[in-house]
Amino acid sequence: MRSKQTTTILSLLFGGIGVQKFYLGQYWKGILSILFCWTIIPFLVGLYDCIRFSKMSNEYFQVKFNSNKDLKCSTCKTELSKENVSFWGFGQENGACKSCFKKIRNHSKETGKYSFEDDEVQKILNGEIKNRPLPKTDKNTFYVPEEETTEDFELPEGFASIKLNSLAQIIYIDSKDQKSERRITMNSVSQTANNDYVIKGYCHEKKAQRTFRLTRIQQLTDMETGEIFENPSQYFTERFQDSPIGRITKIFQELESEILILTFVARADGYLRIKEREIIMKFIIDESNADFDKKLLENEIRRTYCPSQDFRDSLKKVSKETVEYKTKILDLSTDIVNTDKNPDPIELGALELIKRELKLIKVSS
């Protein structure tokens with residue numbers, strides 16, 4: 001059984017004659033090192049190997065150089081192979097598959113945090129630590145007044161409200177005429193007594209919850225679709241009326257739990273692809289038996305995002321439906337996962353959770 005520590009030491013002390021290559025069974029590389037030992041090249045290769053072996057995870061070394069088939073990813077528990085094992089792990093004793101490591105790496109790029117405790121890693125992969133990815137934008141300067149004026153609107157019960165979960169870039173003028181440009185996750189829009197509208201959401205620049213009066217939003221850009229709304233008030237007003245977007249909003253309210261479940265599964269790997277959107281779109285059209293503007297409908301699907309807690313809450317609601325209906329949701333979720341030739345472990349985990357929460361014995365084929 002070859003040792004990573006031994007290989008590292010041999011690379012440092014005897015890399016100039018390729019001893020580490022012979023130790024790993026790479027005889028031709030070892031012979032080449034001896035033939036060219038009079039040059040500096042084998043020494044540099046040995047130094048490189050020393051650094052490389054010291055950095056790689058133990059699981060990667062065992063799988064690559066000892067053909068160990070009994071190792072699993074420290075997070076998703078997938079069996080590690082030469083094809084899927086990640087060079088980097090979550091610490092020396094926590095090897096990972098490429099998929100899990102990629103998710104943590106992407107999370108790090110978004111948050112700027114690169115060091116995690118073991119329980120943090122699992123929470124990120126489970127979706128418990130949420131950091132919704134912000135789509136790339138040509139604009140890289142956003143600004144909020146240092147002493148911004150915040151407003152809090154307590155809306156009485158019974159006021160019309162529509163749940164949202166979409167990303168927007170807004171230009172906003174507060175009550176003191178201070179201008180700001182920021183990115184927000186819109187959670188809901190509510191209609192007030194004087195026919196004004198209030199958006200509640202999360203400000204990514206301030207990293208805090210904020211409330212925005214719709215009439216003070218000068219411009220709104222949907223960050224998922226790229227649409228620019230010069231008159232946001234009109235756009236949201238139409239959601240409360242019998243208009244094309246209003247009818248779509250209504251069916252989204254009626255099928256909220258189902259749409260959130262399907263969206264969560266589709267976005268589990270970080271993307272919402274065309275084929276996945278088509279499956280969700282067909283489900284909405286079939287269930288509503290209505291003729292929607294397909295471009296508007298697709299855009300609403302692209303805007304939709306489902307946090308893990310909403311996913312679990314939606315499963316509880318759907319679990320009260322008939323077995324036939326629950327099986328249909330599971331089948332659609334399976335179809336979404338199968339649009340990818342190599343399903344992401346998080347997608348597969350979501351399927352298992354759906355199957356368990358909906359009390360369905362097996363995934364329908």
For [X], check side-chain contact (heavy atoms from CB on, under 4.5 Å) against everything at least two apart and list the hits.
X      : result
Lys207 : Tyr202
Arg273 : Asp269, Tyr271, Glu276
Glu230 : Gln219, Ile228
Lys320 : none

Just to verify, what does [X] make a ring pair (Phe, Tyr, Trp, His ring centres under 6.0 Å) with, not counting sequence neighbours?
X      : result
Phe22  : none
Phe252 : none
Tyr60  : Phe87

Before we go on, tell me: are the rings of Phe264 and Tyr305 under 6.0 Å apart, centre to centre?
no
Show your reasoning for whether ring-ring contact (aromatic ring centres under 6.0 Å, His included) applies to Phe65 and Phe53.
CA-CA 11 Å; Phe65 301 105; Phe53 286 112; 5.7 Å; yes
Only distances under 3.5 Å count here; give the side-chain donor-acceptor pairs of residues 31-50 to other protein atoms, sequence neighbours excluded, each with its distance to 0.1 Å.
from, atom 1, to, atom 2, distance (Å)
Ser33, OG, Lys29, O, 3.0
Trp38, NE1, Leu35, O, 3.2
Thr39, OG1, Phe36, O, 2.7
Thr39, OG1, Ile41, N, 3.3
Asp49, OD2, Gln20, NE2, 3.0
Asp49, OD2, Lys21, NZ, 2.9

Which residues pass the salt bridge (Lys or Arg N to Asp or Glu O under 4.0 Å) test with [X], not counting sequence neighbours?
X      : answer
Asp177 : none
Glu287 : Lys328
Lys250 : none

Considering only residues two or more places apart or on different chains, which pairs with a residue in residues 173-196 satisfy ring pair (Phe, Tyr, Trp, His ring centres under 6.0 Å)?
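Listed once each, the pairs would be none.
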Check this for me: Glu324, atom CD, are more than 12 non-hydrogen atoms of other residues, nucleotides or ligands nearer than 6.0 Å?
no
